[in-house]
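To keep things clear, I will list the structure first and then write my remarks on it.
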Amino acid sequence: MKRINSNPLKASTYLLRNAGKTLPLTGVIVLAVLLIAGIVSMINSIPLSIKVIYSYSRHYLGLTPRGDAEMTAELEKVVTDESPVPVDRVMRLRGTYIEVKSIVGNWPFVVVFLKPGDVEYYIERMGGGPLQGRLPEQGKPEIIISEPLARNLGYKLGSVVLGPDNTDAYSPQEVKVVGIVDCPEWFAVSTFDYHMMNHFPPIDSILVFAGNAKDQKELDGWAEERFKGMRAQIFTYRQLEEQADTMFSILYKILNVVIGTLVVVITMMMGMLINIYLSQRIQEFGLLQALGYTRATILKRVLSETALVVIGGWVLGVSVAYGLLNLVKVTLMDPRAFALNTFDKTAFLYTIPVPITIFIVAGLTVIARFKKFDPVGVVERRLV
């Protein structure tokens with residue numbers, strides 16, 4: 001025996017029985033949420049990439065003497081004598097640059113040239129990991145890199161990282177990869193002796209390692225104040241984060257305008273669709289009121305249906321966006337070691353105005369429609 005619905009005015013009843021009419025409304029919301037979440041997530045991947053690629057700076061304080069070789073010893077003495085936290089190691093190094101790839105073009109990336117004993121320590125502080133190959137030998141044109149960097153540039157053992165024919169990564173000899181460390185941090189390390197014999201100018205920089213992450217942050221903050229006005233350039237992770245956020249402030253203002261415009265367009269479209277949707281149900285509403293259902297009851301039902309469509313569309317849109325972003329990450333981003341947060345809270349927060357605005361406009365449309373509603377005219381099959 002067929003079960004009789006005990007509550008024919010339940011909000012889900014009409015939606016389930018008339019999926020052909022309600023699914024297009026839901027689909028518009030799904031597409032809007034998908035579009036907004038996708039755009040914001042991809043834009044957020046740019047500053048995220050900066051923080052991921054250069055996150056090696058979280059592990060140390062970097063100091064350079066701005067081209068004055070005699071200043072290096074003074075900077076080292078200030079750090080050793082005045083540091084507010086215990087210093088685990090101070091190492092001298094030299095560096096040069098290569099370029100890594102991002103979704104918005106190439107970015108400079110430092111290759112550090114370290115002394116004997118410092119190479120192993122540096123790799124350990126970066127997080128270590130299984131080593132494919134071996135460590136570079138002092139004085140030889142050899143280099144060791146991390147797995148994300150190797151994936152980004154398509155390098156493997158034997159690949160040339162620096163060379164005489166590479167204008168973006170010059171070295172008098174071909175510096176080849178002899179080791180790849182399976183480590184999440186990006187880094188490239190060669191030997192101090194090779195740089196000293198083949199590169200100019202002969203100016204040492206300094207890396208200062210605190211004992212732990214908390215002390216490192218305190219050391220970085222102290223250095224930013226202590227070396228103000230001195231002939232010293234400071235590199236800290238906090239500066240990197242601040243620069244990344246500031247760099248894209250204008251872009252995010254433009255993004256807000258784009259998202260706002262999109263919300264307005266989608267809301268107007270939904271308002272028109274809901275108006276058509278209600279026009280198709282005029283006879284139903286007239287008959288229900290003629291049968292004794294109050295206008296308030298019918299209005300409550302319509303608003304409940306609208307809420308279900310809007311909330312359901314948003315939830316489905318978030319799910320579809322999350323799935324699509326994961327697909328993009330696996331097929332496009334991961335093979336090149338590009339950074340993408342597939343569950344970016346900021347991106348999904350940007351989608352919240354869509355269901356809220358649509359529900360408000362839909363509610364106002366329904367209320368305005370019911371103010372002019374004439375159930376008798378509907379029953380008599382007159383236009384209202």
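The figures here come from the full heavy-atom set of this structure, side chains too, leaving out hydrogens, waters and symmetry mates. This structure is a prediction, so every number in the text was calculated from the model and none was measured.
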Donor-acceptor contacts, no H, no angles, side chain residues 174-187, under 3.5 Å, sequence neighbours left out:
from, atom 1, to, atom 2, distance (Å)
Glu185, OE1, Ser55, OG, 2.4
Glu185, OE2, Arg58, NH2, 2.5
Glu185, OE2, His59, NE2, 2.8

Test: Arg92 cationic atom under 6.0 Å from Phe192 six-membered ring centre, within 45° of axis
no
Just checking Tyr322 against Phe348, ring centres under 6.0 Å apart?
no
Grab the two heavy atoms, one from Ser205 and one from Thr64, that are nearest each other, plus how far apart they are.
OG-CG2, 3.2 Å
Is a donor on one side and an acceptor on the other found under 3.5 Å between the side chain of Asn106 and the backbone of Glu99?
no
Yes or no on side chain to side chain contact (heavy atoms under 4.5 Å, CB included) for Leu255 and Leu251, after CA distance, side-chain angles and deciding distance?
CA-CA 6 Å; Leu255 178 63; Leu251 181 62; 5.7 Å; no
Are Tyr60 and Phe235, when compared by the centres of their aromatic rings, separated by less than 6.0 Å?
no
Tell me, yes or no, whether the heavy-atom count around Phe227 atom CZ, taken from other residues, nucleotides or ligands under 6.0 Å, exceeds 12.
yes
Which pair of heavy atoms, one from Leu149 and one from Phe109, lies closest together, and at what distance?
CD2-CE2, 4.1 Å
Asp168: what forms a salt bridge (Lys or Arg N to Asp or Glu O under 4.0 Å) with it, not counting sequence neighbours?
none
Between Ser45 and Ala339, what is the shortest heavy-atom contact and its length?
CB-O, 3.1 Å
Indicate yes or no: does Glu147 engage Arg151 in a salt bridge with an N to O separation below 4.0 Å.
yes
Give the C-alpha distance, both sets of side-chain angles, the deciding distance and a yes or no for side-chain hydrogen bond (donor to acceptor under 3.5 Å, both in side chains) between Tyr121 and Asp88.
CA-CA 11 Å; Tyr121 179 86; Asp88 196 47; 2.5 Å; yes
Stepwise side-chain hydrogen bond (donor to acceptor under 3.5 Å, both in side chains) test for Trp222 and Ser83
CA-CA 8 Å; Trp222 167 80; Ser83 172; over 6 Å; no
Least distance between heavy atoms, Phe113 atom then Thr191 atom:
CD2-O, 3.2 Å
Residues forming a side-chain hydrogen bond (donor to acceptor under 3.5 Å, both in side chains) with Tyr350, sequence neighbours excluded:
Asn256
My understanding is that only residues two or more places apart in sequence, or in another chain, count here; which of them pass side-chain hydrogen bond (donor to acceptor under 3.5 Å, both in side chains) with Asn326?
none
Side chains of Arg94 and Met196, heavy atoms from C-beta outward: is any pair under 4.5 Å?
yes
Verify same cluster id: Met91, Leu75 (apolar side-chain graph, 4.5 Å)
no
Quick one: closest heavy-atom pair of Leu325 and Leu340, and the distance?
O-CD2, 3.7 Å
Residues 128-141, side-chain donor-acceptor partners within the protein, below 3.5 Å, at least two apart:
from, atom 1, to, atom 2, distance (Å)
Arg134, NH1, Glu142, OE1, 2.9
Arg134, NH2, Glu142, OE2, 2.7
Glu137, OE1, Lys140, NZ, 2.9
Gln138, OE1, Asp193, N, 3.3
Gln138, NE2, Leu114, O, 3.1

Taking the side chain as every heavy atom from C-beta outward, state whether Asn44 and Tyr252 have any atom pair closer than 4.5 Å.
yes
Is it true that atom CE of Met268 has more than 12 heavy atoms of other residues, nucleotides or ligands lying nearer than 6.0 Å?
no
Go through it in stages, so that I can follow the logic: the residues are Ser171 and His199, the test is side-chain hydrogen bond (donor to acceptor under 3.5 Å, both in side chains), and I'd like the CA-CA distance, side-chain angles, deciding distance and then a yes or no.
CA-CA 7 Å; Ser171 186; His199 285 262; 3.0 Å; yes
With under 30° as parallel and over 60° as perpendicular, where do the rings of Tyr56 and Tyr54 fit, or are they tilted in between?
perpendicular
Gln233 meets the side-chain hydrogen bond (donor to acceptor under 3.5 Å, both in side chains) criterion, sequence neighbours left out, with none
Closer than 3.5 angstrom, by distance alone: can the side chain of Ser41 be matched with the main-chain N or O of Gly38 as a donor-acceptor pair?
no
Ile234 vs Leu61 side-chain heavy atoms within contact, under 4.5 Å
yes
Under the side-chain hydrogen bond (donor to acceptor under 3.5 Å, both in side chains) rule, what do Asp220 and Gln216 come out as? Steps first, then yes or no, please.
CA-CA 6 Å; Asp220 292 349; Gln216 191 67 55; 3.2 Å; yes
